[in-house]
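Quick note on labels: first sequence line is chain A, next is B, and so on, each numbered from 1.
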Protein chains: 2
Amino acid sequence: MTASPAPEPIRLRRSAGDRRAQLVQIGLELLPTTPVQELTIDEVARRAGISRSLLFHYFATKREYYTAVTRAAADLLWEHLLPRPGTPRDELVPGMLDRYVGWVETFRDTHLAFVRGAAGGDPWVSEVYEETRARLVDVALEALDLPDDARRRQVVLAWFAFTEDLVGQWTREPTMSRAELLTLLRDVLDRLTT
Amino acid sequence: MTASPAPEPIRLRRSAGDRRAQLVQIGLELLPTTPVQELTIDEVARRAGISRSLLFHYFATKREYYTAVTRAAADLLWEHLLPRPGTPRDELVPGMLDRYVGWVETFRDTHLAFVRGAAGGDPWVSEVYEETRARLVDVALEALDLPDDARRRQVVLAWFAFTEDLVGQWTREPTMSRAELLTLLRDVLDRLTT
DNA sequence: GTAGCTTGTTGAGCGTTGCTCAGCAAGCCG
DNA sequence: CGGCTTGCTGAGCAACGCTCAACAAGCTAC
């Protein structure tokens, strides 16, 4: 009975770059349903149609893998928030804020998973998150034409936490109009930085 | 060579309540060094001088265990923050804020571990955290004599996030005096609630 | 075409960890 | 002393992260 060989998908040999990208992509897709650190190698390998061992060929350790996934998520956010060059100065921050709210509205689960994983224990993941926050402070202070001292940075970072929390809650239960939300956030930032 | 029996600590039989309390206490002690979810049953059992199996006698699952640990941490914070009865109304919030900063100053690592574990993925742990935040909003709104509507609750919760983040950063690198910090936090809350 | 090299890929297997289960034994009561 | 409750243990299973030796796909050289 060797008649009909099982219709297995033809084994595909991919380039290193392709495979890596595919694995990270799978991680991103799994992100909204599973905390990053709880991704199992088995599950990811199964979805990619490869053996567990191969994943360890590309990522020496599980942590290295989900750090890469987190970094990919951070990069997506970063690219979406960055203002297009040529934007007038006083539109920079409002624009980023508006795009941030849009991002959370669209990718709520993924974004929450990103933030949670980042805030959660793992130092490697936190580092990616902190790095992104730091870059955002750079852009914000530059856009607002404010001097860059330690105290102001702390306050702006804390305002990020405020924004993240409020926008997160607001997408779950909108207690005000979108415009009101944006204005409120904007006002708080103004008060804090002047 | 059965001469000198090893000086094992005499096996001790404890009451159910004692044992439970001891295990939670060990969890609290481990909290600052290890994210809650990464506590290993082996380690906890070893420290308690009991077998792995016994831990599962008291906590059906690992998650149940570290949720209990988290709840214990939350209760400690809660008791420390609660104002003593008889405090004049306009001292309530400033007092809680002052005690909160003191708490973070004293138990920085444990508190950060608590917040991180809480913000991080696990729904059971998050629930404990959210519950505590909700109770704190109740107290704050009551103390400030403000009506309790959904929008205000969201803003106050977001202000918690702001406070948590800023105080956390400040204990790491004090960019202003303690008094300035308290005034800043107080002012932001005032602006947000009026 | 085939020999040989590079490198994507796999299967078997090891150690740790969460969790189960049958049964031992400490202390109390009759 | 016999029996009961219940704190407690050891052996062992399944899942998961990770290792390692070896296979095989696809390219180049002759």
Side-chain angles (χ1 to χ4, degrees), chain A residues 5-27 30-31 33-70 117 120-125, chain B residues 5-27 30-31 33-70 117 120-125:
Chain A
E8 316 183 2
I10 308 100
R11 243 214 276 145
L12 211 44
R13 196 187 161 112
R14 297 207 186 191
S15 80
D18 276 9
R19 194 56 95 186
R20 241 189 108 95
Q22 180 205 18
L23 293 174
V24 169
Q25 182 57 36
I26 290 176
L30 254 34
L31 206 51
T33 52
T34 323
V36 221
Q37 330 195 13
E38 288 175 26
L39 291 175
T40 79
I41 299 290
D42 263 340
E43 172 73 5
V44 177
R46 206 177 48 72
R47 294 214 175 205
I50 62 173
S51 67
R52 260 158 294 154
S53 321
L54 189 56
L55 202 148
F56 286 104
H57 182 69
Y58 292 104
F59 304 92
T61 170
K62 185 192 176 182
R63 183 193 306 223
E64 202 174 288
Y65 171 64
Y66 65 61
T67 302
V69 173
T70 303
D122 199 300
W124 295 68
V125 176
Chain B
E8 315 183 5
I10 307 100
R11 244 215 273 147
L12 211 44
R13 196 185 160 109
R14 295 207 188 192
S15 80
D18 276 10
R19 193 56 95 186
R20 240 190 110 95
Q22 180 205 18
L23 293 174
V24 169
Q25 181 57 35
I26 290 176
L30 255 35
L31 206 52
T33 53
T34 323
V36 219
Q37 331 196 10
E38 288 175 25
L39 291 175
T40 80
I41 300 290
D42 263 340
E43 173 73 4
V44 176
R46 207 177 48 71
R47 295 212 173 205
I50 61 172
S51 67
R52 261 158 293 151
S53 319
L54 188 56
L55 202 147
F56 286 104
H57 182 69
Y58 292 103
F59 304 92
T61 169
K62 184 191 176 182
R63 184 192 307 224
E64 202 175 288
Y65 172 64
Y66 65 61
T67 302
V69 173
T70 304
D122 200 300
W124 295 69
V125 177

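A pairwise comparison of heavy atoms in B:L55 and B:I50 identifies N-CD1, 4.2 Å as the closest pair. A:V69 and A:V24 get closest at one heavy-atom pair: CG2-O, 4.1 Å. The minimum heavy-atom distance linking B:G117 with B:V36 is given by the pair CA-CG2, 4.0 Å. Residues B:G27 and B:L39 come closest through the heavy atom pair CA-CD1, 4.4 Å.
One can place CZ of B:R14 at 17 Å from C1' of D:dT9, the figure rounded to the nearest angstrom. Distance CZ (A:R52) to C1' (C:dG11): 9 Å, rounded to an integer number of Å. In this structure, A:L55 atom CG and C:dT10 atom P are separated by 11 Å, rounded to whole Å. Rounded to an integer number of Å, the gap from CZ of A:F56 to C1' of C:dA12 is 15 Å. Taking atom CG on A:L54 and atom C1' on D:dC18, their separation rounds to 14 Å, with Å as the unit. Following rounding to the nearest Å, A:Y58 (OH) and D:dC18 (P) show an atom-to-atom distance of 18 Å. Residue B:R20 contributes atom CZ, which lies 17 Å from atom P of D:dT6 at whole-angstrom precision. Rounded to whole Å, atom C1' of D:dT9 lies 12 Å from atom CZ of B:R19.
No hydrogens or angles were tested; on distance alone, nothing pairs the side chain of B:S51 with the base of D:dG10 as donor and acceptor under 3.5 Å.
With contacts defined as side-chain heavy-atom distances shorter than 4.5 Å, the pair B:I41/B:F56 qualifies.
Residue-level contact check: B:F59 touches neither bases nor backbone, having no heavy atom under 4.0 Å from any strand.
For A:T33, there are no side chain to side chain contact (heavy atoms under 4.5 Å, CB included) partners, not counting sequence neighbours. Residues satisfying the side-chain hydrogen bond (donor to acceptor under 3.5 Å, both in side chains) test with A:Q22, not counting sequence neighbours, are A:R19. Residues satisfying the side chain to side chain contact (heavy atoms under 4.5 Å, CB included) test with A:T40, not counting sequence neighbours, are A:D42, A:E43.
For residues 39-50 of chain B, proximity to DNA chain C is found at B:L39, B:T40, B:I41, B:D42, defined as any non-hydrogen atom under 4.0 angstrom from a strand atom. The stretch residues 61-69 of chain A comes close to DNA chain D through A:T61, A:K62, each having a heavy atom under 4.0 Å from the strand.
For C:dT9, the OP1/OP2 oxygens have no side-chain nitrogen or oxygen of A:H57 closer than 4.0 Å.
For residues 54-67 of chain A, the set of pairs meeting the side-chain hydrogen bond (donor to acceptor under 3.5 Å, both in side chains) definition, not counting sequence neighbours, comprises A:Y66-A:D122.
When each of D:dG7, C:dG8, C:dA12 is scored by its nearest atom to the side-chain atoms of A:S53, the top-ranked nucleotide is C:dA12.
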